[in-house]
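First the structure, in the form of C-alpha cells, and then the observations on it.
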Amino acid sequence: MDIYQHFRKEEQPFIDQVLSWREDVALKYQRKLTDFLDPREQMILKAIMGSDADLIYGLQGGADASERKRAILAPEYERIEKDDYQLTLLEASYPQKFVNLEHRDVLGAFMSLGIRREKIGDLIVQDGIIQMIAASEISDYIKMNLTGIKRSNVQFEEKPLSLKMESKETWSTRETTVSSLRLDVMVKEIYGMSRNKASMFIEGGHVKVNFRTVEDPSFSLEEGDLISLRGKGRSRLDEIFGQTKKDKYKVMTAKLN
C-alpha cells in the first residue's frame with residue numbers, strides 16, 4: 001500500500017520523517033522522543049504507526065485535551081510512562097491592568113529567542129497568567145532568557161503539570177451546505193465574506209491550514225482541518241456528512257468565539 005496516496009503532497013516530508021523514525025526504532029531497538037506535533041501531524045503518525053505490531057507509540061502534551069503533543073516511538077516490549085515525554089509546565093504572571101498580552105505576543109517573544117516553535121506545546125494566556133508546556137531540555141533556557149514581553153517584565157517558574165490551566169476558549173459549531181470544499185469557499189462561509197475577498201486573504205498569505213500558510217484558493221480541505229485567518233480567529237472543518245442531491249456538501253464547521 002502506498003501511504004502517500006492517503007495524504008497531501010506537501011505532507012510527504014513529514015511522512016518520510018515518521019517512516020525514518022519508525023525504521024530507526026525498529027533497527028536500533030531505541031525509543032524516539034519527538035518534538036511537539038500539531039493535530040494533523042499526530043493524525044499522520046497514528047496512521048503510519050497503527051499497523052506496526054513490533055512497535056508501540058504514545059502521545060502526550062501535559063493534559064488529555066492538549067492540542068500539541070510530543071510522541072514516543074518504542075519497541076513493543078517497552079512501557080511508556082508520562083515522565084518519559086519530558087514535559088515542563090512554565091508559568092509567569094503579568095499586570096493585566098497595565099498591559100494587554102495575547103497568545104501571539106507571547107509566542108512572538110518566544111520565537112525571538114531563536115527557538116523553534118516545535119519545542120513548546122500548548123500556550124495559554126488568560127487572567128494575568130501565562131502558561132506554556134515546554135520541552136524539558138529547553139526549560140532552563142526559557143527561564144533565563146524570556147524575561148520581557150511587550151512592556152511587561154516576566155519571570156517564568158516551573159510548576160507541576162497538574163496545575164495546568166484549562167483554556168477558556170469556546171467553539172461554536174454550525175451545520176451548513178457549501179458548493180465545494182475549496183479553501184476560498186470555506187473561508188467565505190465561515191467568516192461571512194465574499195468569495196473574492198476570501199481569495200484575496202488567501203493569496204495575500206493571511207490564511208493558514210493546519211498551521212501552514214496556504215496561498216492557493218482552490219486548496220481542497222479535508223475533515224479535521226484547522227483554519228486560521230489573520231485577525232479573524234481560528235475555525236475547523238469538523239465533519240463532512242456527504243453530498244446533497246444538488247451535489248453540494250453538507251458539513252459541520254466550528255469557529256473559536
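Because only heavy atoms are used, hydrogens play no part in the values below, and waters and symmetry mates are left out as well, while side chains stay in.
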Flag yes if more than 12 heavy atoms outside [X] fall under 6.0 Å of its [atom1] atom; otherwise flag no.
X: Y77; atom1: OH; answer: yes
X: N257; atom1: CG; answer: yes
X: M200; atom1: CE; answer: no
X: K119; atom1: NZ; answer: yes
X: K232; atom1: NZ; answer: no

Would you give the length of the straight line joining atom [atom1] of [X] to atom [atom2] of [Y], rounded to the nearest 0.5 angstrom?
X: K69; Y: F36; atom1: NZ; atom2: CZ; value: 11.5 Å
X: I202; Y: F219; atom1: CD1; atom2: CZ; value: 10.5 Å
X: I72; Y: I56; atom1: CD1; atom2: CD1; value: 9.0 Å
X: L89; Y: K159; atom1: CG; atom2: NZ; value: 9.0 Å
X: K28; Y: D24; atom1: NZ; atom2: CG; value: 4.5 Å
X: I142; Y: I120; atom1: CD1; atom2: CD1; value: 6.5 Å

Check ion pair [X]-[Y] (N to O, under 4.0 angstrom):
X: R116; Y: D35; answer: yes
X: R236; Y: E67; answer: no
X: K150; Y: E102; answer: no
X: R117; Y: D38; answer: no
X: E10; Y: R40; answer: no
X: R31; Y: E81; answer: no

Any idea which heavy atoms bring [X] and [Y] closest together, and the distance?
X: I115; Y: M111; answer: O-SD, 3.8 Å
X: Y94; Y: L101; answer: CG-CD1, 3.6 Å
X: K188; Y: M193; answer: CG-O, 2.9 Å
X: V187; Y: A198; answer: CG1-CB, 3.7 Å
X: G148; Y: V154; answer: N-CG2, 3.8 Å
X: I149; Y: A109; answer: CG1-CB, 3.9 Å

Between [X] and [Y], is any pair of side-chain heavy atoms under 4.5 Å apart?
X: K143; Y: E157; result: no
X: D184; Y: N196; result: no
X: L221; Y: L183; result: yes
X: Q131; Y: E91; result: yes
X: H103; Y: E169; result: no
X: E76; Y: L55; result: no
X: I138; Y: T88; result: no

If two hydrophobic side chains count as joined below 4.5 Å and joins carry through other members, does [X] share a cluster with [Y]?
X: L73; Y: Y29; result: no
X: L229; Y: I227; result: yes
X: F110; Y: I124; result: no
X: L33; Y: I80; result: yes
X: V209; Y: Y191; result: yes

Without swapping roles, check the side chain of [X] against the backbone of [Y] for a donor-acceptor pair under 3.5 Å.
X: E78; Y: P75; result: no
X: Q42; Y: L37; result: yes
X: R70; Y: A135; result: no
X: R230; Y: F201; result: no
X: E158; Y: D140; result: no
X: S66; Y: A63; result: yes
X: E41; Y: F14; result: no
X: S199; Y: P217; result: no

Trace of the side-chain contact (heavy atoms from CB on, under 4.5 Å) decision for K255 with R174: CA-CA 9 Å; K255 190 171 184 293; R174 184 168 74 99; over 6 Å; no
Can you see whether T253 engages E189 through a side-chain donor-acceptor pair at a distance of less than 3.5 angstrom? no
Verdict with reasoning, M186 to Y249, per side-chain contact (heavy atoms from CB on, under 4.5 Å): CA-CA 11 Å; M186 295 304 302; Y249 290 88; over 6 Å; no
Check the pair L181, V251 against side-chain contact (heavy atoms from CB on, under 4.5 Å), reporting the backbone distance first and the verdict last. CA-CA 9 Å; L181 300 175; V251 299; 4.1 Å; yes
Assess the residue pair D16 and Y4 against the criterion (side-chain contact (heavy atoms from CB on, under 4.5 Å)); give the C-alpha distance rounded to whole Å, side-chain angles, the decisive distance to 0.1 Å, and a yes or no. CA-CA 9 Å; D16 290 338; Y4 298 106; 2.2 Å; yes
Against the six-membered ring of F211, is R68 placed for a cation-pi contact (under 6.0 Å from the centre, within 45° of the normal)? yes
